[in-house]
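Presented below is the structure to which this report refers.
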Amino acid sequence: MSLITARHPTPDVTRKPAPARGAGFGVLLALLATVVWSGSFVATRDMADSVPPVQAVFWRWIIALVAVAPIAARPFWRQRKAIRRHFGFVALASLFGVALYNTLVHQAGLTTSATNMGMIMAASPVIMAVWSRIGGERLGTRRVLGMLAAVVGVLLLVGKDSLAVDLGAGDLWMFAAALSFASYSALLKRRPPEIGGLAFLFVTFLLGALMLAPAYAVSLAVQGGFTAGVATVGPLLYVGVGSSAVAFFAWNRAVALIGAARAGIVYYLQPVCVALLSYALLGERLGALGVACMALILGGVALSSAR
């Protein structure tokens, strides 16, 4: 998907591959989104005990809307007729990428660690590759081998010393989140070219917030509100501005340039980013196995991303 203004639409990205220069920029954008999202798992876990999941997600998108409105509201209004014509597609993208995905992530944060959340989300590139293959995209031997190497590295990192992974309820919620995010990423490649990137970003945030509004009202009635303070507002601002506005902008543009499958390969770096953040912020040591698994993941990403 291309994040562009309405004045300069580009052709449908499914029709021809991105040039090498654009592909390199796409990889950097996918990496930016991956790093920012890695931090969001720490923020999500941090406020899991103080902000109910649905309320956290609802305010996340309200903050994201406010953040992108100055640059996205005008393109959204100019392209409102195109959005109405393709409302079904836009609504489906909003459901998978905004309403469902993030609600599942916050629900998982109640019963699993931030590290596990990041590790399990590494399953989403496999699903992205499957959707891309079903859509007719050739993955190639090098990309498949690199993907398998990254998968083994992730499984070893999660399982500590084996490929056997013991999953709890929160981990299963994260696998559901991975499926939702991968489906959203697959949809991005089919975005109608007459809907610009900024307009698409704004309308998906808006529709996602509207979809969550009934659940938010129920949560308020049943669970009550939360106390606004440094411990809650800070993480909400991070996930609203950084993980939503900035990261989704970068990711959508990356998928437009290099496709969902290749962007998904970069996403395998998320467990590495989470592990490094845990080491830097929480003092958790990686150990020899952790370093070896990170090297395997990095090697798989490099192999799959090479032209």
Side-chain angles (χ1 to χ4, degrees), residues 1-14 22 25-26 28-37 40 57-103 105 124 128 180-213 236-260 263-264 267:
M1 187 193 69
S2 177
L3 286 179
I4 51 173
T5 64
R7 295 181 180 179
H8 303 287
T10 59
D12 187 347
V13 295
T14 62
F25 185 53
L28 289 177
L29 288 172
L31 179 59
L32 171 63
T34 298
V35 172
V36 175
W37 276 328
S40 74
V57 178
F58 178 79
W59 282 108
R60 169 181 183 153
W61 295 114
I62 295 299
I63 293 170
L65 270 173
V66 173
V68 302
I71 59 172
R74 185 172 295 178
F76 161 73
W77 183 251
R78 286 201 302 262
Q79 297 166 41
R80 63 190 183 279
K81 292 182 180 179
I83 291 171
R84 281 200 298 268
R85 284 197 302 271
H86 301 283
F87 184 80
F89 171 84
V90 174
L92 193 61
S94 302
L95 176 65
F96 281 122
V98 177
L100 275 182
Y101 165 58
N102 292 279
T103 302
V105 169
S124 58
M128 292 179 205
S180 182
F181 178 73
S183 300
Y184 167 77
S185 297
L187 283 171
L188 289 180
K189 202 172 182 182
R190 301 181 182 277
R191 178 184 57 81
E194 61 266 36
I195 301 178
L198 288 174
F200 181 80
L201 203 69
F202 186 86
V203 71
T204 51
F205 287 3
L206 177 61
L207 287 178
L210 291 175
M211 290 175 186
L212 289 165
L236 282 174
L237 286 174
Y238 180 86
V239 297
V241 178
S243 300
S244 300
V246 175
F248 269 79
F249 189 102
W251 182 260
N252 292 357
R253 177 62 173 163
V255 171
L257 291 172
I258 61 178
Y267 198 77

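Note that these values count all heavy atoms, side chains included, but never hydrogens, waters or copies made by symmetry. Counting begins at 1 with the first residue of the sequence. Here the structure is a predicted model, which is why all the values come from computation and not from measurement.
- In this structure, the separation between OG1 on Thr204 and CZ on Phe89 is 10.0 Å, given to the nearest 0.5 Å.
- Among Leu92, Val90, Ile83, the one residue that satisfies the side-chain contact (heavy atoms from CB on, under 4.5 Å) test with Leu207 is Val90.
- What you find for Trp37 and Ser243 is that their closest heavy atoms are NE1-O, 2.8 Å.
- Note: Trp251 and Tyr184 fail the aromatic proximity criterion, with ring centroids not under 6.0 Å apart.
- In this structure a side-chain-to-backbone donor-acceptor pair under 3.5 Å is present from Arg80 to Trp77.
- In this structure, Lys81 NZ and Glu194 CD are separated by 13.5 Å, a value rounded to the nearest 0.5 Å.
- Here CG of Leu201 is found 8.5 Å from CZ of Phe248. Values are rounded to the nearest 0.5 Å.
- Residue Leu198 comes nearest to Ala72 through the heavy atom pair O-CB, 3.5 Å, listed as atom of the first residue, atom of the second, then distance.
- Of the possible donor and acceptor atoms, none in the side chain of Ser244 sits under 3.5 Å from a partner among the backbone N and O of Val241.
- Between Ser94 and Met211 the shortest heavy-atom distance is CB-CE, 4.0 Å.
- Note that the CG atom of Leu257 and the CG atom of Leu29 stand 6.5 Å from one another [nearest 0.5 Å].
- Minimum heavy-atom separation, Thr103 to Leu212: OG1-CD2, 3.4 Å.
- Taking the six-membered ring where the residue is Trp, the centroids of Phe205 and Phe76 are separated by 6.0 Å or more.
- Across Gly26 and Ala254, no two heavy atoms sit closer than the pair O-CB, 3.3 Å.
- Between the side chain of Tyr238 and the backbone N or O of Val36, at least one donor-acceptor pair lies under 3.5 Å.
- Residues Trp61 and Leu65 form no side-chain contact, since every pair of their non-hydrogen atoms from C-beta on lies 4.5 Å or further apart.
- Residue Val98 comes nearest to Gly208 through the heavy atom pair CG1-CA, 3.5 Å, listed as atom of the first residue, atom of the second, then distance.
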